Amino acid sequence: MAKNTRVITLGNQKGGCAKTSDCLNIAYCLANTKHYKTLLIDLDSQGSASLNVGINIADEGVNTIDELLGAY
């Protein structure tokens, strides 16, 4: 990792506790107000974060989890 790289991870097994909303808002604020380079990785099988940033995973035919598991 680069010298000034920071990793922020949010997780909870319970559904409906604002994980996706929090991740989207944190990524947006860091990218648009602080002008940080930001990478948002959506590991949710529903792909809610991807849909919220304009990526329709149904059109793509694959998801991040399938790609990660297929690599091994």
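The analysis underlying the following values was restricted to heavy atoms, covering all of them including side chains, and did not include hydrogens, waters or symmetry mates. All values derive from a computational prediction rather than experimental measurement. The first residue of the sequence shown is numbered 1, and numbering continues consecutively from there.
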In the hydrophobic clustering (ILVMFWY, side-chain contacts below 4.5 Å, transitive), which residues join Leu51, or is it alone?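 Same cluster as Leu51: nobody, lone residue.
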Please tabulate, for the side chains in residues 20-32, all donor-acceptor contacts under 3.5 angstrom to protein atoms that are two or more places apart in sequence or on a different chain.
| from | atom 1 | to | atom 2 | distance (Å) |
| --- | --- | --- | --- | --- |
| Asn25 | ND2 | Ser21 | O | 2.9 |
| Asn32 | ND2 | Tyr28 | O | 3.3 |

What heavy-atom pair brings Ala49 and Leu40 nearest, and what distance separates the two atoms? CB-CD2, 4.3 Å
Has Lys19 got a side-chain atom pairing as donor or acceptor with Lys14's backbone, closer than 3.5 angstrom?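 Checked: pair present.
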Does one hydrophobic cluster hold both Tyr36 and Val53, with members joined at side-chain heavy-atom distances below 4.5 Å?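 No, Tyr36 does not connect to Val53 through the hydrophobic network.
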